[in-house]
Amino acid sequence: MMKHLQKLTAPLILKCGYVFNNSKPFFGSFQKVRFYATAKKPKLKQEEDECHIPRAVKKEAQAALLDYLHSTRSLQFMDAEHMSKNSPFFLSNLLQRIDNENDIRRSLTRFLRYHPINEFEPFFESIGLKPCQYLPFLPRDLMFLNDDHRLLDNYHILCNYGISRNKIGRIFAEAPEVFRYDPGVLDLKLASFHGVGIDQSTVVKLVSASPNLLIGNVHKEFFQVVEELKKTGVEYSWIEEQLNGNSIDWSHLFELICFLNGLGLTDQQLGKLICQVPGLLFDCSGGTTFSLIGFWLKFGIQKPELLDVFLHLPQIPITTFVFNMRQCYQFLIEIEMPVLEIGNIIHSYPTLLGSCVLKKAASLLTTLNTGKKRLCSVIKEDPEFLRNLVRGAKVERLPIAEEELRSKMMKTKFLLDLGFSENSSEMEKALKLFRGKGVELQERFDCLVNAGLDRKHVASVLKIYPQILNQRKEVLEAKIDFLLNTLGLPLSTLVSFPSYLNYTIPRTTLRLSMYNWLKDQGKVDPTLSLSTIIASSEKLFMKTYVNPHPKGLEVWKDLKRELYPD
């Protein structure tokens, strides 16, 4: 066992991405068929949709095809009968080639007498393959089944063993080399299953669900898996239930069992774990579990710690666990939690994250009435809080933090000083409109008063234009300095036009530069107020002042490039 564990390298664990797809296409590229074929590639979908044949016509056509295959082509009666009754697409296309609809059987018999068919088409269709699936397998140099002895011999071995003919198509699609085996090889492979105590009916189910068991030494890899599972108390019947028609990579499965054993799990613990966590072994041939292990290792969970993690896995499908883990990880990314903190939570609470089906981050932030920073802090202090955020749970607002409560009290005091009534609707509206801490709002207010404006006047203005105080103190000082020292306007301008403070300095500069140029050209009223120049929308300003002058647009663009080089 340890020898196999040593072979399991990190790349093997990590090569299965966190989200992956282990499926493989059944078929390769199409080949060009040289012999006469009734199935025409460009019309496959149309033919498959239109193969509805009236019952009486179908019965006559099947009889004619049976007679041709058995009596004329000397195929075994059971083979010929199965082909004639289980190839509707082929039969539908064949019927389109005869004209006499009054005597279907006679017309079809005459047609087949002079137009030999490619017998591989109805054969492949009768074993469960559709035209779009079997075209790549049509031989280039054969058209009669009896010319391919190995194909028929191995086909008969599978039929006689008890495998349903219509399921043999999957074996051909996934393991075509089985039908190229020399005489006796397939018999020996099937018999080898009995050597380890598996009865024939179980072998039929196993081979039908996992055809690759008949290829090379895959059956030996399967025996290794079975032997290891027997030690844990897992029976064949349970293995059968897990297959679900999926093709299994038994070597990967064996390596996963070896890895889990290497963590220190006893046979009893491993058997219980395998049965309690659906898909732990068989989902993508263990690929889902390997990807999960790689994810954990990436975030610092060491191999010794993995033992405890696996012993406490919740009894849910491994795919659900991985999905939940990924969603929680994405949730922590969306609330902008630092990567190191995310790693700490994943390292310390892996089973918690795999058990929680969280609501959307945006929805939770709204319901909790909090910001990302506060939520990160709460989860960091108590990761178990995530259980309160799962779908179906009633999420309540977070209690106001001490710092937030202090800030709100200071903001309320500031608004009361401005003249708002306590507990009024205007006060509630103002609390939302004024952004920033109470101390910051007071500093900004004092900035305007210290510039020389009357305190009462500033208070009345802020009731109308609260967004003025949503700017940093340094920004307000820069705008007032620009007004007084660059534009040369008096402070009283802010009394008549307080919303000047809402506009950026580049916007004011651009508008006034354009206005001064037009004034020098004698194209505008030289007595326009500052509010008229900068408060109108750009569209209206362009229409009223810039566009009427022949060079107005050119000058406007030049001025704009100087102010906004990018």
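This is a predicted model, so every value here is computed, not measured.
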Given side chain to side chain donor-acceptor pair (under 3.5 Å), test S285 with D249 step by step and report yes or no.
CA-CA 5 Å; S285 301; D249 187 327; 5.7 Å; no
Backbone of L540 reached by a side-chain donor or acceptor of T544 within 3.5 Å
yes
Should F295 and F290 be marked as a side-chain contact (heavy atoms from CB on, under 4.5 Å) after you check the CA-CA gap, both sets of side-chain angles, and the distance that decides it?
CA-CA 9 Å; F295 181 75; F290 270 134; over 6 Å; no
Is the closest basic N to carboxylate O distance between E538 and R511 below 4.0 Å?
no
Heavy-atom closest contact (Q133 atom, G128 atom, distance)
OE1-O, 4.1 Å
Out of curiosity, L281 CG to W238 CH2, how far, rounded to the nearest 0.5 Å?
5.5 Å
CG of L491 to CG of D454, rounded to nearest 0.5 Å, is 11.0 Å
Taking Y515 for the side chain and P526 for the main chain, is one N or O donor matched with an acceptor at less than 3.5 Å?
yes
Can any side-chain N or O of D481 pair as donor or acceptor with the backbone N or O of E477 at less than 3.5 Å?
no
Got a list of side-chain donor-acceptor pairs under 3.5 Å for residues 343-357, not counting sequence neighbours?
from, atom 1, to, atom 2, distance (Å)
N344, ND2, L340, O, 3.3
H347, NE2, G300, O, 3.2
H347, NE2, E305, OE1, 3.3
H347, NE2, E305, OE2, 3.2
S348, OG, N344, O, 3.0
S355, OG, T351, O, 2.6

At their closest point, which heavy atom of E228 faces which heavy atom of F254, and how far apart are they?
CG-CE1, 3.6 Å
Residue pair F331 / K359: nearest heavy atoms and the distance that separates them
CD1-O, 4.1 Å
Output the distance between atom NE2 (H457) and atom CG (L462), rounded to the nearest 0.5 Å.
9.5 Å
Is there a donor-acceptor pair under 3.5 Å between the side chain of K167 and the backbone N or O of A209?
no
Student check: side-chain heavy atoms of F222 and V218 closer than 4.5 Å:
no
Atom OH of Y465 with >12 non-hydrogen neighbours under 6.0 angstrom:
no
Near Q268 CD, under 6.0 Å, is it more than 12 heavy atoms from other residues, nucleotides or ligands?
no
After noting the C-alpha distance and the side-chain angles of E443 and K473, does the key distance pass the salt bridge (charged side-chain N to carboxylate O under 4.0 Å, His left out) rule?
CA-CA 7 Å; E443 285 180 352; K473 174 187 173 183; 5.6 Å; no
Any idea which heavy atoms bring V461 and P498 closest together, and the distance?
CG1-CB, 3.4 Å
Does T493 use its side chain to pair, donor to acceptor, with the backbone of L489 at less than 3.5 Å?
no
Stepwise salt bridge (charged side-chain N to carboxylate O under 4.0 Å, His left out) check, E227 with K231:
CA-CA 7 Å; E227 189 63 30; K231 295 177 184 177; 5.8 Å; no
Provide the full list of salt bridge (charged side-chain N to carboxylate O under 4.0 Å, His left out) pairs with a residue in residues 383-395, sequence neighbours left out, each pair given once.
E384-R387
Other residues, nucleotides and ligands only: do more than 12 of their heavy atoms fall within 6.0 Å of CZ on R507?
yes
Is it true that, when you exclude K380 itself, more than 12 heavy atoms of the residues, nucleotides or ligands shown sit nearer than 6.0 Å to its NZ?
no
Short question: side chain of T320, backbone of I316 - any donor-acceptor pair under 3.5 Å?
no
K303 and L297: which non-hydrogen atoms are nearest, and at how many Å?
N-CD2, 4.5 Å
Closest heavy-atom pair, I480 versus L501, reported as atoms and distance to 0.1 Å, is CG1-CD2, 4.1 Å
Stepwise side chain to side chain donor-acceptor pair (under 3.5 Å) test for T288 and S291:
CA-CA 5 Å; T288 302; S291 72; 5.5 Å; no
Is there a donor-acceptor pair closer than 3.5 Å between any side-chain N or O of Q471 and the backbone N or O of I468?
yes
Are S529 and T532 close enough that a side-chain donor and a side-chain acceptor fall under 3.5 Å?
yes
Inter- and intrachain pairs under ring-ring contact (aromatic ring centres under 6.0 Å, His included), touching residues 523-550, at least two apart:
W517-H549, F541-Y545, F541-W556
Verify whether the ring centers belonging to F299 and Y329 lie closer than 6.0 Å.
yes
Within the side chain of S210, is there an N or O that forms a donor-acceptor pair under 3.5 Å with the backbone of L213?
no
State the OG1-CG distance between T232 and L273, to the nearest 0.5 angstrom.
10.0 Å
Stepwise side-chain contact (heavy atoms from CB on, under 4.5 Å) check, D558 with E554
CA-CA 6 Å; D558 289 341; E554 182 182 348; 4.1 Å; yes
First locate atom CG of L453, then atom CZ of F445, and finally report the distance between them rounded to the nearest 0.5 Å.
9.5 Å
Under the 3.5 angstrom rule, does the side chain of N212 hit a backbone N or O of I248 as a donor-acceptor pair?
yes
With rounding to the nearest 0.5 Å, note down the distance linking CZ in F323 to SG in C328.
10.0 Å
